[in-house]
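Following: one structure in structure tokens, then a few remarks.
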Amino acid sequence: MNIDGIKFDEQGLVPAIVQDARSKSVLTLAYMSEESLRKTLQLEETVFYSRSRQELWHKGETSGNTQKVTGIHYDCDQDALLVQVVPSGPACHKGDYSCFTESLTVTENKQKENRYEILDQLQDVLAERKSTLPKDSYTSKLFQEGVDRIAKKIGEEAGEVIIAAKNDDPEELALESADLLFHLLMILTDRGVPFDDALRVLEKRHS
């Protein structure tokens, strides 16, 4: 990437739209100086420029909610950046997954937006649980018992899905399907395989 071509404004800043590389959700809008952009490229984690504090800001340096950079693109006018990341925690200082939680559109439209975002959020939580193994956690216990135990749970939940389907019970089928998806995400996390990899296989087959 040629930084020399980026057009910084009169304050020496360029807006950076941060996007989840997996869900494609917009996480936040921040600003980068030439120095913070160079540090971002060097560290492969987002480093912004805080306009209020007038200093560099390494996202997650104190909170642990870092953002692993997978790609940086600039627009046709070269005066804005799109930074694609894999977040290790909430992007918003309020603790939300994204800073863009409010909507000017009607509730019905809002409910339709990013309805699969929960899968990315859940795998992020599972990755954190696998790393920290908090006490009295169901997921910690399963991770510690290993892949065989998680695989057994997947078999059990798949059986429950079949039973619910044969019983023609829509509510139970939805509940058991959620349990199956949860444990599927667990085994993917345990084996270090992003759920997005499975989605790419489906996309390739569909095309």
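Counting from 1, the numbers follow the sequence of the chain as shown.
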Problem set entry | Audit row: Asp148, Lys152, salt bridge (Lys or Arg N to Asp or Glu O under 4.0 Å) steps and yes/no | CA-CA 6 Å; Asp148 289 343; Lys152 184 179 180 181; over 6 Å; no
Main-chain N/O of [Y] paired to [X] side chain as donor or acceptor, under 3.5 Å:
X: Thr66; Y: Ser88; answer: no
X: Thr28; Y: Val18; answer: no
X: Gln78; Y: Gly5; answer: yes

Do the non-hydrogen side-chain atoms of [X] and [Y] ever get within less than 4.5 Å of each other?
X: Trp57; Y: Lys59; answer: yes
X: Leu56; Y: Ser33; answer: yes
X: Lys204; Y: Val201; answer: no
X: Ile3; Y: Leu41; answer: yes
X: Phe182; Y: Leu126; answer: yes
X: Phe48; Y: His58; answer: no
X: Asp169; Y: Leu173; answer: no
X: Leu142; Y: Lys153; answer: yes

Distance check, rounded to the nearest 0.5 Å: [X] atom [atom1] versus [Y] atom [atom2]?
X: Gln144; Y: Arg149; atom1: CD; atom2: CZ; answer: 13.5 Å
X: Leu37; Y: Thr46; atom1: CG; atom2: OG1; answer: 11.5 Å
X: Lys135; Y: Leu133; atom1: NZ; atom2: CG; answer: 11.5 Å
X: Leu81; Y: Ile17; atom1: CG; atom2: CD1; answer: 8.5 Å
X: Glu55; Y: Glu35; atom1: CD; atom2: CD; answer: 11.5 Å
X: Arg129; Y: Leu122; atom1: CZ; atom2: CG; answer: 9.5 Å

Exercise. For Arg205, does the CZ atom sit with more than 12 other heavy atoms under 6.0 Å from it, leaving out its own atoms?
Worked result: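 Incorrect, the count does not exceed 12.
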For this session: For atom CZ of Arg51, decide whether the heavy atoms of other residues, nucleotides or ligands shown that lie under 6.0 angstrom number more than 12.
Result: no
For this session: Tell me, with the steps shown, if Leu119 and Leu199 meet side-chain contact (heavy atoms from CB on, under 4.5 Å).
Result: CA-CA 11 Å; Leu119 296 174; Leu199 294 180; 6.0 Å; no
Exercise. Can you check side-chain contact (heavy atoms from CB on, under 4.5 Å) on Val83 and Val69, steps first, answer last?
Worked result: CA-CA 7 Å; Val83 184; Val69 176; 4.2 Å; yes
Exercise. Is there a path from Phe143 to Leu188 through hydrophobic residues (I, L, V, M, F, W, Y) whose side chains come within less than 4.5 Å of each other?
Worked result: yes
For this session: May I ask whether Val125 and Ile118 are part of the same hydrophobic cluster, defined by side-chain heavy atoms of I, L, V, M, F, W, Y residues being less than 4.5 angstrom apart, directly or through others?
Result: no
For this session: Provide the closest heavy-atom pair for Ile154 versus Leu180 in the form atom of the first, atom of the second, distance.
Result: O-CD1, 3.7 Å
For this session: For Thr40 and Met32, work out which heavy atoms get closest and say how close.
Result: OG1-CE, 3.6 Å
Exercise. Going by the angle between their ring planes, with limits at 30° and 60°, are His183 and Tyr138 parallel, tilted or perpendicular?
Worked result: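 Aromatic pair His183/Tyr138 classed perpendicular.
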Exercise. side-chain contact (heavy atoms from CB on, under 4.5 Å) with Glu44: which residues, sequence neighbours excluded?
Worked result: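 Glu44 satisfies side-chain contact (heavy atoms from CB on, under 4.5 Å) with Lys68 once adjacent residues are dropped.
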